[in-house]
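Reviewing the structure listed below.
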Amino acid sequence: MPTKKINKTPDKMYPNSFYPDFDTIYLDNYSALHRYAYIILSDKEIAEEMVHQVFLKILESNEPMEIRTSMKAYLFRAVYNECLNYIKHQKVKQNYRSYASTECESRPETPSSKLSYKELEYQIINAINNLPEQCRTIFQLSRFEELKYAQIAQQLGISIKTVEAQMSKALKRLRVELADYLPLFICQLIISLWN
């Protein structure tokens with residue numbers, strides 16, 4: 001009896017073109033991916049953010065993605081990697097906080113450091129105000145009013161994907177505009193936490 005040769009070709013996903021199944025894939029897999037991320041991180045909000053980040057990266061991808069396993073396996077691996085990257089980033093932040101706190105301890109607070117703090121505050125407000133209107137509104141609702149992406153989407157009458165894309169855009173622009181002020185910001189933050 002002849003054997004059948006199975007020619008498994010990888011799935012291709014074209015995220016920036018019309019992909020009608022993307023919403024279905026998101027809705028079908030979100031709960032399981034969120035639970036998986038929660039098991040790794042033990043924080044519901046961060047787990048939600050990691051899952052959203054995975055889907056956002058898929059949407060922002062400019063090249064078709066070759067998926068050599070199932071879509072579900074690909075998504076679980078992507079969430080796993082996103083969670084690990086988050087954990088690594090938290091460790092780097094913790095190490096930097098330790099370093100910055102020892103640096104800040106050795107420096108007494110002077111009138112010039114108070115002036116630098118005012119300058120930093122001005123630069124942050126200015127950078128936020130320079131964001132495009134929709135981007136700024138979404139950023140402020142997320143960071144200052146602490147609304148979740150779904151709540152923001154509902155309040156503004158837009159999709160969650162639009163909220164994710166605008167938040168990503170806002171954070172990238174703020175990171176670039178405020179890069180020179182990061183060491184000062186961390187020192188001031190640590191000083192304010194101690195007082």
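Expressed to the nearest 0.5 Å, how far CG of Leu56 lies from CD of Glu49 amounts to 10.0 Å. Between the CG atom in Asp23 and the CD1 atom in Ile160 there is a gap of 10.0 Å [rounded to 0.5 Å]. Distance check: Leu75 CG to Tyr26 OH gives 11.5 Å after rounding to the nearest 0.5 Å. Distance check, rounded to the nearest 0.5 Å: CG of Leu141 to CD of Gln151 gives 10.0 Å. With rounding to the nearest 0.5 angstrom, the CD1 atom of Ile128 is 11.5 Å from the CD atom of Gln123. Atom OG1 of Thr24 is separated from atom CG of Asn29 by 10.0 Å, given to the nearest 0.5 angstrom.
Looking only at side-chain heavy atoms (C-beta outward), Asn126 and Asn130 come within less than 4.5 Å of each other. Two residues are said to be in side-chain contact when any heavy atoms from C-beta on lie closer than 4.5 Å; Arg173 and Pro132 meet this criterion. Two residues are said to be in side-chain contact when any heavy atoms from C-beta on lie closer than 4.5 Å; Ile138 and Ile158 meet this criterion. Using a 4.5 Å heavy-atom cutoff, the side chains of Leu33 and Phe76 are in contact. Within the 4.5 Å cutoff, no side-chain heavy atoms of Tyr36 are placed close to those of Val51. In this structure the side chain of Arg136 reaches within 4.5 angstrom of the side chain of Gln140, judged on heavy atoms.
For the side-chain contact (heavy atoms from CB on, under 4.5 Å) test, no residue two or more places apart in sequence or in another chain qualifies with Leu27. Partners of Glu48 under the side-chain contact (heavy atoms from CB on, under 4.5 Å) rule, at least two apart in sequence or in another chain, are Tyr30, His34, His52, Lys148.
Phe55 and Tyr38 sit in two unconnected hydrophobic clusters of ILVMFWY residues. Membership requires side-chain heavy atoms under 4.5 Å apart, directly or through other members. Hydrophobic clustering keeps Ile39 apart from Leu84 (ILVMFWY residues linked when any side-chain heavy atoms are closer than 4.5 Å, directly or through intermediates). Hydrophobic clustering (side-chain heavy atoms under 4.5 Å, transitive across Ile, Leu, Val, Met, Phe, Trp, Tyr) groups Ile40 together with Tyr86.
Side chain of Ser168 to main chain of Glu164: no donor-acceptor pair is present (N/O by atom type, distance under 3.5 Å, no hydrogens or angles).
Sorted by first and then second residue, the side chain to side chain donor-acceptor pair (under 3.5 Å) pairs involving residues 72-84 (not counting sequence neighbours) are Lys57-Glu82.
The two residues Leu41 and Ile87 make their nearest non-hydrogen contact at CD2-CG1, 3.7 Å.
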